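Presented below is the structure to which this report refers.
Along the sequence shown, residues carry numbers from 1. What you are looking at is a predicted structure, and each value in this text was computed from that prediction instead of being measured.
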Amino acid sequence: MINIISASSFKTVPWKNGKGETTELAINPTGTLDNFQWRLSIASVIENGVFSDFSGYMRNLVLIEGNSITLTHDDSKTDKLTTILDFATFDGGCQTLGELTNGAIKDFNVITSKTSCDTKIQTYVNQTKQSINFNGLVFAYSLSAIIELHDHHNIHTKISQGDLLQLTNPQNLELSGKDLILVYIKETN
């Protein structure tokens, strides 16, 4: 199943820690900020600070705008996102401190339940063409270009830059685009 989620339907919701807002692109049906299986969002980070506590979840954070951010988890592990589409994967229960290097950034977030989802993120700066065969959910988001989708009958679909493409159990599809984030989510129970 193909679902194109228009940017006009994205929702603005408060951060769990109350220190900012996020643009929610998609959340599992019946999901809420406090209880969900998966959620995709975009947030601006304008100052250094501790991230919201998402114990029980894994977080994937992709740099989509700005210069860089350093993430320090539980005062030990560090992730440095210095180039657009760099990403970090970390436990949402860690105390994560975000430190900006040179001004505000914007990030694309994928937060999934540790007990019910397996998640994989792929990013592509240059133009790419990917075969999509997956039993689960696939999301595609482009920072700067149209995403093109072809099926085995050569039916062609274009997804506007800024909209989110959601595929359910896609088989024999080909997706092309650049400045692209692909998210694969397999619900495990």
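- A pairwise comparison of heavy atoms in I5 and A26 identifies CD1-CB, 4.0 Å as the closest pair.
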Let me check something: any side-chain donor-acceptor pairs from residues 35-45 under 3.5 Å, sequence neighbours excluded? List them with distances.
residue : atom : partner : partner atom : Å
Q37     : NE2  : S116    : OG           : 3.4
W38     : NE1  : E187    : OE2          : 3.0
S41     : OG   : T22     : OG1          : 3.3

Counting only pairs under 3.5 Å, give me each side-chain donor-acceptor contact of residues 166-176, with atom names and distances, residues two or more places apart or in other chains.
residue : atom : partner : partner atom : Å
N169    : OD1  : G136    : N            : 2.9
Q171    : NE2  : F134    : O            : 3.3
Q171    : NE2  : N135    : OD1          : 3.4

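- Taking CG from L25 and CG from L164, the interatomic distance works out to 5.5 Å, rounded to the nearest 0.5 Å.
- A distance of 6.5 Å separates CD1 in I121 from CZ in F87, rounded to the nearest 0.5 Å.
- Annotation: ring-ring contact (aromatic ring centres under 6.0 Å, His included) contacts of Y141 (sequence neighbours excluded): F108.
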Inset, instruction - Could you walk me through whether V125 and T83 pass the side chain to side chain contact (heavy atoms under 4.5 Å, CB included) test, one step at a time? - result: CA-CA 10 Å; V125 173; T83 304; 5.8 Å; no

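- Linking Ile, Leu, Val, Met, Phe, Trp and Tyr residues whenever their side-chain heavy atoms come within less than 4.5 Å places I159 and I2 in a single cluster.
- Of all heavy-atom pairs between D86 and T82, the closest is OD2-N, 3.0 Å.
- Side-chain contact between T157 and I4 is present, with at least one heavy-atom pair separated by less than 4.5 Å.
- The minimum heavy-atom distance linking L81 with A88 is given by the pair CD2-N, 3.8 Å.
- Judged purely by distance below 3.5 Å, without hydrogens or angles, the side chains of D53 and S55 pair a donor atom with an acceptor atom.
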Legend entry - side chain to side chain contact (heavy atoms under 4.5 Å, CB included) evaluation trace for M58 with T119: CA-CA 9 Å; M58 288 302 294; T119 307; over 6 Å; no

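- For the atom pair NZ of K178 and OG of S142, the computed distance is 8.0 Å after rounding to the nearest 0.5 Å.
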Inset, instruction - Kindly determine whether L149 and I147 satisfy side chain to side chain contact (heavy atoms under 4.5 Å, CB included), including the steps that lead there. - result: CA-CA 7 Å; L149 184 67; I147 299 170; 5.5 Å; no

Inset, instruction - Walk me through it: do D107 and L63 pass the test side chain to side chain contact (heavy atoms under 4.5 Å, CB included)? - result: CA-CA 5 Å; D107 57 49; L63 180 64; 5.7 Å; no

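- Residues F51 and I64 share a single hydrophobic cluster, defined by chaining ILVMFWY side chains whose heavy atoms lie under 4.5 Å apart.
- Under a hydrophobic-cluster definition in which Ile, Leu, Val, Met, Phe, Trp and Tyr are linked whenever side-chain heavy atoms come within less than 4.5 Å, directly or via other members, I181 and I132 are assigned to different clusters.
- Taking the side chain as every heavy atom from C-beta outward, K114 and D91 approach each other to under 4.5 Å.
- A side-chain donor-acceptor contact under 3.5 Å links T89 and N60.
- No single ILVMFWY cluster, assembled from side-chain heavy atoms under 4.5 Å apart, contains both L143 and L182.
- How far SG of C94 is from CG of L71: 11.0 Å, rounded to the nearest 0.5 Å.
- Scanning both residues, S6 and S8, for their nearest heavy atoms gives OG-OG, 2.9 Å.
- Residue L180 holds its CG atom at 8.5 Å from CG of L85, rounded to the nearest 0.5 Å.
- Across every non-hydrogen atom of L100 and I46, the tightest pair is CD1-C, 3.5 Å.
- The CD atom of Q130 lies 3.5 Å from the OH atom of Y124; values are rounded to the nearest 0.5 Å.
- Atom CD of Q122 is surrounded by more than 12 heavy atoms from other residues, nucleotides or ligands within 6.0 Å.
- Taking hydrophobic clusters as Ile, Leu, Val, Met, Phe, Trp and Tyr residues chained together by side-chain heavy-atom distances below 4.5 Å, F139 shares a cluster with V110.
- The minimum heavy-atom distance linking C117 with T112 is given by the pair CB-CB, 3.8 Å.
- For residues 62-78, every residue pair satisfying the side-chain hydrogen bond (donor to acceptor under 3.5 Å, both in side chains) rule, not counting sequence neighbours, is listed here: S68-T101, H73-D79, H73-T96, K77-D79.
- Under the 4.5 angstrom side-chain criterion for Ile, Leu, Val, Met, Phe, Trp and Tyr, the cluster partners of V50 are L97.
- Within the structure, the salt bridge (charged side-chain N to carboxylate O under 4.0 Å, His left out) test picks out no pair touching residues 150-173 (sequence neighbours left out).
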